[in-house]
Structures are given as C-alpha cells and as structure tokens.
Amino acid sequence: MNILPELKSRFRVVLSELVDDPTELLGMIRPAQDAKFGDYQANVAMPLGKTLGKPPREIATEIVSKLDVSDICEPPEIAGPGFINLRLKDDWLVFRLNHAVGDQRLGVAADNEPRTYVLDYSSPNVAKPMHVGHIRSTVIGDSLSRTLRFLGHQVISDNHLGDWGTQFGMIIYGFKHFVDRNAYETAPVPELSRLYKLVNQLVEYHNAKAKLPTLESELAARTEAVATQRSQPATGDKAADKKAKKELGKLEAKVTEAAETLAATRAKLAAVEKDSKLSELADQHPNIASDVLEETAKLHRGDEENRRLWDEFLPKCREEIQKLYDRIDVKFDFEYGESFYHDRLAGVVEEFEKHGLARESEGAICVFMDGFDAPMIIRKKDGAFLYATTDLATIQFRIQQWKPDAILYVVDHRQGEHFEKFFAAAKLCGYPDVELCHVSFGTVLGDDGKPFKTRSGDTVGLEALLDEAVQRAYSVVSQNDDTKPNGPELGEAERRRVADAVGLGAIKYADLSHNRTSDYVFSYDKMLALTGNTATYLQYSYARVNGIFSKGSIDIAKLRADGTSIQIVEPAERALALELLRFSDALADVVEDYRPNQLTNYLFQLTKVFFSFYEQCPVLKAEADQTRNSRLLLCDLTARTIRQGLNLLGINVIDRM
RNA sequence: GCGCCUGUAGCUCAGGGGAUAGAGCAACGGUUUCCUAAACCGUAGGUCGGAGGUUCGAAUCCUCUCAGGCGCACCA
C-alpha cells in the first residue's frame, strides 16, 4: 500500500459524488509543503468553489465530513481558503513501517496496472570509442529501466547500436589501405580504432580544405556587412537607431562565429599539414570522403569482401563496448543494431508510397506532414536510406514483436525535431495507441559553460572519464580513511573497491540528479564532494548506518525477524518514519515524467532527515532495549531504502568507507 | 528568417497552478567527556530575466520582449 494512491482512492469516493471525473482533482492531493500543515494536503476545495458555486471552505467541510480516512489519518483540518490538511496517525505509520521491515520491497507495492515498455537508450556507434555524450543516455535509460521494472512493469531494453553506417565504411577503407597487420593481430580493437580516427581525420581534412574558400569569403562578406551597417548614419529616430544597433550586434556576432569556424578549420588543416606522414597520406587519398561512402554503399549492397570484413570487425567492436557496459553495470535485453533492420528499409519506403503517405520530391522520397516546414526524407535521391527510415522500420518491428504500451527514446534534446516528425509519421502508419516519448536531456558542459571537452578541444573519451573519476575517488577515500579518529581501517584492495563504487557512482549520480531537460556543468570536485547532493554522500551515509551495526555487533537480520515493533516517540523519529514511507511516492514521481532526479532528491532528503534523527536520538546508547531496537530498525530501513534507491540509479553501496 | 529549450540566492541546481520560493557549496555564528564533526543547529543572502494577461491563487499557464544554447530537406 502506497500512501498517496491510498489517500487518493479515499478522496475519489467522495469527489465522485461532486464531479463526473475527479481524476484531475486527485492530482491536487500532495505532500504538505510545510510540515506545520501536516503530512499531506488536498487542495481540491478551491477549484470546486466555482464549479459548485459554493464557498470553498464550505465544500472542504462537506468533503471532510464524508471522507473516510479515520484508520489512516488524524481528523483532517481545514485551513486558509479551503486547504484540507492531513496528518497521518502515528499508529498507522508504525503499522506500515513494521510491514516494510519484513518486506523485500520495503513496503512499495507494485503498480496494479503493469505496462510494457520498450526503452531505447545508449545506442552508440560501435566503431567509435564512446565519449562523454553517451553517458547521459546510458545512465538515464538504465535507471528508468530499473525503476520501471521494480514497479512491476515489463521492460524491454533495446540498445539500438550504430553498426551499419559510415563509420564502418571508414574502418573498411582504413583496413584496406592503412592497416598495421601486426597491431591488428595482437590487439584488433585499438588498431580498428586507430584506423577509424585516421580515416576520419583525413576525410575531415579534405572537407575542410574544400570548405576553406567558402568560409573565407563568408567571413569577408560578414565583415563587410558590419562595416556597411556601421556606416549608416544615425536617423535621430530613437526606435530606428536602437534597431540598427541591435542589428549591428547580431552582425558582429556572426563575424565572430565565422572567424571561429575558420580558425577551427585552419587548425584542422594545420594539424595534418605539420605532420609529414599525415600530410603525405592526405595527398595520396584526395577522394577519401567519397571513397569511404562507396565502401559503405558496397557493404549495404552486399559486396562480398566488405561484408566479410564487417562480419569480422563487428564482434570485436561489440566486445569492446560490452567491456564498458560491464564496467558500469548496464545491461540490455536486446541489441538489435541498425544492421538488423537493413533488409526492411525498402519495404518501409514502399509501404509509405503505397498508402500515399510519401512522394518523390527533388529525387528523394519524402513524407510531408502538416505542421512541419521540411518533410521527413526516407530515401535519398541516390537511393540510400536514412536514419529516419531505420527508425520507422525499428518501431514497426518493436510494435509487432513486443506489443508495447510505450516506447521511450532516451536521446539528447538536439534531436527533438526529428522525433516530432518521426512520431507524427509513425501515427500516419496507424499504429495503435502506443505512447511514444522522446525522453530528451541537455548537454554536459565544462566549467566554461561550453560542451564538455578536453583542453585541446577533443571530446572526452568515456573510458578516460571513468578512470579519472575513480582515481580521484581513491584519493578522497584514502584521505578520509587516513583521518579516521581511530586510525585507518581499509586495506589497499578495499580502498580500490570503494573508490570504484564511489567514482562510478559520482558520475552516474551527477547525470541523474539534475533535471534531465537542463544542461549541467560537469565537475569532478562537485560530484565527488562528501557533502551535498552527491552519490558519495549517500554512500557514506549508508556506510555510517552500517557502522552502527558493526560497532554494536548487531545481527540486524535477526532483529528484523524477531518481530520487534518500531515505535515513534520523538519528532525526529516521526519525521524519519514519514520520509521512509514516501519512497513509493518518489518512485511514482520518477515514472510520471521519466525523471530520475525525483529519486535522487528523495534520497538526499531522506539522508538529511536521517542524520537529524541520528543526531537527536541515540541508537546504541538508547536507554531502553525497546527504544534501541526500534531505532536500530529505523536505521536498517534507512540503509535498505538508500541501497534500493541507489540500486535503481545503477549505483552500488559500500559497507564501510 | 522559422522552430525548440533554458533564464530562480555570489556559485551549482531543485521546485513546473496552491499557504511565507528551497537545497548544497561558499560566507558568518553556535554545538564535541557522547554511535565516523565527511555531522548537526542557526544567521545572512531573491523585483524567480523584464512587461502585460488568464485565475480565488502564477516562479509555474498564455502573449509580447530581452539574453543565452540548440536545431532547421537528402549526416546520425
């Protein structure tokens, strides 16, 4: 039994007599904003004032008189304009807590209307090393997957790997021209990775070279536009002058932008040109960009050699990626990559054409839809398919295969428009009522407020990112251990283990604790801080609670089974009890908008309430045995809730640190 | 030019129709013969970018506006 749903169902009975559909009103029952108003509050009377034509307080009185919550709550109070304030009975809190003590699920009921979810997250290109941009999708998706499962839903996690695109054309091209056989025999993946980078660099070199004149003339044109704008005499009209000034500012910004693009392009060229070997290679492969596309096209056409190479490379690449997933403990039920859909793409396009949903325009097959300026192109004029085509084939397969109630795409916000179009197109196909949701998220920024990059401007490899976090965690852990009042207690091996959990936890938690829609600033120092809303703090709190048990030589499993009852006497005990029982509310909030930060906020709040309790209520030193045991069980529930909560975030706990 | 997102304390961020807008960090003050002081308690800090509007009630919804970010047919 979960508190909020229970209260809502009680209110539903009463409200159904007043309105046709009370669903919306039930959303106005929520945790009290301030503890002095009680534990929960119902704000339903005010909006009903107008509908029913009666003073809200009168309505509130009527609702309260009919409301049957006497087993759960103290008599409800009406306050202000018509707030109904609810305070849970201590007896009931105790009853619920005692149930939670003996329950694997900590008293959290499974959803009584389980749904089937397909979750699409992570989805890296297997040929490229993963970088910081992939972590957010992976971590958010994994957490949602875990949370939905815990709540009793059926979840199918499907990693839509990029295993069929241009990157493989690059590797194939690189393999054919630049492979170091020895290196490949001894360590294939690093060699393939090197080839990818090399080919990519050469392609970009030639692209940059081709673009250079355009960029230069663009800069010149923009600079001139600024000069022209500057030379405009003031008109004397304030509004017009202001507008002109604004226009000038915009033009100047464009000059800066053009100059930056040009500088970056030149830097790219210089990097190749100053390296005589690279430079030579670049000269020897002037058509590398189109040749790479041709290798890709050949693969897609079924060219025997390229297909053989792809078959050879793919398992190696996947193995490499799997290592990373193992390290961060992320699993998928399926990994149907893009290649899986390859032979369905033509059919998708045909179907769209057959039903008159798509037509040819400028040589491409396009889906035109109301509300969009540009069509969704599903086949290029050269006959090749696009990721929009793959997405359509994929959704068709998923719906047929798994008959989901919802499909969630955990993908960064820049693809918002693509998903709008894609969802609209999927609707045209007449798919049944499937909830399609782009679970979008913002960019990870560096200290400078720009997308997180290394000093030299490269994207940060995920592996290196994790290594650094773990290494920094190690020094945090060691420093903490060294300064313990009774001397260090962790051996080297245990420090390493703890550092691993702390470092990886810090990275994940940083991603999950921010509202996913906003960008956030990446900072090792902040995410590894021992205070504040961090995984480290929660892990430490967990270890502290554990410390109580070991210090007191408590067999907590035995105590749980003893049938000892929790008792609520002190306000701090009550506050902790209530917070513990709100776990299910927090999980419901996560699922509501697919926002894991609802859970991190809850866990942080719980931990603060716990420490407040811990400060005020001696546990091991409690006078009466009954008090001591009751408090031990409160500690135990706190620890278990933190552990379970962190687990749903994909983060491990440590017994001591 | 069009579209989407963001703007909340010095900093990093919660809160997304309800009562006096919150947390962490930083600052300042207090608490330790006492279960890890990595804690706890307190003080200070805000025209919620700005202006209108809707509402009994707006940081939250709508319109306009300013600032920043990101996208805008044949890359994914």
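Numbered from 1 within each chain, the chains take letters A, B, ... in sequence-line order. Treat the numbers as computed from the prediction; the structure is a model and nothing was measured.
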Which atoms of nucleotides 22-27 of chain B (N or O only) lie under 3.5 Å from a protein N or O atom, and what are those distances?
from: B/A23; atom 1: O3'; to: A/K608; atom 2: NZ; distance (Å): 3.4
from: B/A23; atom 1: O2'; to: A/K608; atom 2: NZ; distance (Å): 3.2
from: B/C25; atom 1: OP1; to: A/T531; atom 2: OG1; distance (Å): 3.4

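Stacking between A/Y520 and B/U12 is absent: the ring centroid is not both under 5.5 Å from the six-membered base ring centre and under 30° in plane angle.
Atom NE2 in A/H514 sits about 17 Å away from atom C1' in B/C5, given to the nearest Å. Atoms CG (A/L52) and C1' (B/C56) sit 14 Å apart, rounded to a whole Å. In this structure, CD of A/E420 is placed 13 Å from P of B/C72, rounded to the nearest angstrom. Rounded to an integer number of Å, the gap from CG of A/N515 to P of B/C48 is 21 Å.
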Extract all donor-acceptor atom pairs below 3.5 Å that involve side chains of residues 361-378 of chain A and protein atoms in other chains or at least two apart in sequence.
none

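Within a heavy-atom distance below 4.0 Å of RNA chain B, the residues of residues 620-628 of chain A found are A/L620, A/K621.
A distance of about 14 Å separates the C1' atoms of B/U6 and B/A59, rounded to the whole Å. B/G50 and B/A9 have their P atoms separated by 10 Å, with the value rounded to a whole Å. Separation of the P atoms belonging to B/G24 and B/C41 is 9 Å when rounded to the nearest angstrom. Rounded to the nearest Å, the gap between the P atom of B/G69 and that of B/U63 is 24 Å.
The pair A/K608-A/E579 does not meet the salt-bridge criterion, since no charged nitrogen lies less than 4.0 angstrom from a carboxylate oxygen.
Under the Watson-Crick or G-U wobble criterion, with both distances below 3.5 Å, B/G57 has no partner in any strand shown. Base pairing of B/C70 is made with B/G3, judged by Watson-Crick or G-U wobble geometry with both donor-acceptor distances under 3.5 Å. Shown here, B/A44 forms no base pair; nothing in the strands shown gives a Watson-Crick or G-U wobble contact with both key distances under 3.5 Å.
The neighbour count for A/Q626 CD, taken as heavy atoms of other residues, nucleotides or ligands under 6.0 Å away, does not exceed 12.
Using a distance-only test at 3.5 Å, with no hydrogens or angles considered, a donor-acceptor pair links the side chain of A/R136 to the main chain of A/G442.
Side-chain atoms of A/S361 and base atoms of B/A73 include a donor and an acceptor less than 3.5 Å apart.
Relative orientation of the A/W164 and A/H342 rings is tilted, given thresholds of 30° and 60° on the angle between their planes.
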